[in-house]
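To keep things clear, I will list the structure first and then write my remarks on it.
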Amino acid sequence: MELRSVEELMDLLYACRGAWGAPGPGRGRVDLHQHALRTAALLRRSRPADKELQVAGLVRAIGPLLRPGDETAHADCAADAVRSLLGERVSRLVRGHVPGTGPADDDLLRLRQADEEGWVAGFDAGVLEDWRTVLELVAARNSRLGAVD
């Protein structure tokens, strides 16, 4: 599946409500929607200027909806789905957020850290609608870059 609009992406992110991530050591029971919001909020705190990194933290949650029951394919499915809409960097970050998928740079390490913290952090991360403008900004920037190539 390839997402063609921010609206399609928002619909998928809203659909993460009530979908539960695979429990891991020390993880509380948090649905994918809340986890996505928390991960993105943590990245906004640590890297306020890096909108693509924040968006990668948010959209990585769609993998389980795209490929239910196949945890090994979640990152790849999510990365492929957002590449044309949000760009190569966001796609690379989403694909690499799972440890063991190649060498990690500082951005990937920060994303993985926020991803882990997002399972246990107990704070109000706001609402998805707060991210619409950021998603639109990253999509518009990617669209302009694609037009130049």
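These numbers come from a predicted model, not from an experiment.
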> Are P64 and L32 side-chain neighbours, meaning at least one heavy-atom pair lies under 4.5 Å?
Replying inline: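 A side-chain contact under 4.5 Å exists here.
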>> Listing request: all ring-ring contact (aromatic ring centres under 6.0 Å, His included) pairs with a residue in residues 35-73, at least two apart in sequence or in separate chains.
In response: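 Listed once each, the pairs are H35-W119.
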>> With side-chain contact (heavy atoms from CB on, under 4.5 Å) as the criterion, how do D80 and E2 come out once you've worked through the C-alpha distance, each side chain's angles and the decisive distance to 0.1 Å?
In response: CA-CA 7 Å; D80 291 344; E2 187 175 290; over 6 Å; no
Taking only residues two or more places apart in sequence or in another chain, which ones pass side-chain contact (heavy atoms from CB on, under 4.5 Å) with [X]?
X: A41; result: F123, A125
X: A40; result: L58, W131
X: D107; result: R47, D50, L53, R89, L93, D105
X: S46; result: L43, R110

>> Minimum heavy-atom separation for L9 and L135, please, with both atom names.
In response: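 Here L9 and L135 meet closest at CD2-CD2, 3.8 Å.
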> Nearest heavy-atom pair of A78 and V94: which atoms, and what distance?
Replying inline: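 Between these two residues, the closest heavy atoms are CB-CG1, 3.6 Å.
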Atom [atom1] of [X] and atom [atom2] of [Y]: how far apart are they, to the nearest 0.5 Å?
X: L37; Y: D124; atom1: CG; atom2: CG; answer: 9.0 Å
X: Q113; Y: D106; atom1: CD; atom2: CG; answer: 11.0 Å
X: R45; Y: Q54; atom1: CZ; atom2: CD; answer: 12.0 Å
X: L111; Y: E52; atom1: CG; atom2: CD; answer: 12.5 Å

>> For T133, give me all partners under side-chain hydrogen bond (donor to acceptor under 3.5 Å, both in side chains), at least two apart in sequence or on another chain.
In response: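 For T133 there are no side-chain hydrogen bond (donor to acceptor under 3.5 Å, both in side chains) partners, ignoring immediate neighbours.
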>> Could you check whether E88 pairs with R95 (Lys NZ or Arg NE/NH1/NH2 to Asp/Glu carboxylate O, under 4.0 Å)?
In response: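 Looking at R95 together with E88, the answer is no, because their closest N to O distance does not fall below 4.0 Å.
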>> Apply side-chain contact (heavy atoms from CB on, under 4.5 Å) to residues R60 and D115 and explain how you reach the verdict.
In response: CA-CA 9 Å; R60 50 145 305 281; D115 181 56; 3.3 Å; yes
>> As a quick check of understanding, evaluate side-chain contact (heavy atoms from CB on, under 4.5 Å) for V59 and L86, giving each step before the final call.
In response: CA-CA 10 Å; V59 303; L86 300 176; 4.0 Å; yes
> In chain order, what residues pass the salt bridge (charged side-chain N to carboxylate O under 4.0 Å, His left out) check against E136, with sequence neighbours excluded?
Replying inline: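 Listed in chain order: nothing, the list is empty.
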> Got a sec, which residues hit salt bridge (charged side-chain N to carboxylate O under 4.0 Å, His left out) with E8, two or more places apart in sequence or on another chain?
Replying inline: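 With sequence neighbours excluded, E8 shows a salt bridge (charged side-chain N to carboxylate O under 4.0 Å, His left out) to no residue whatsoever.
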> Is S91 reaching over with its side chain to a backbone N or O of A79, donor-acceptor style, under 3.5 angstrom?
Replying inline: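 Answer holds: yes.
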> After noting the C-alpha distance and the side-chain angles of L3 and I62, does the key distance pass the side-chain contact (heavy atoms from CB on, under 4.5 Å) rule?
Replying inline: CA-CA 11 Å; L3 295 168; I62 65 172; 4.0 Å; yes
Distance-only donor-acceptor hits, side chain of residues 10-17, under 3.5 Å, sequence neighbours excluded:
| from | atom 1 | to | atom 2 | distance (Å) |
| --- | --- | --- | --- | --- |
| Y14 | OH | E129 | OE1 | 3.3 |
| R17 | NE | H33 | NE2 | 3.4 |

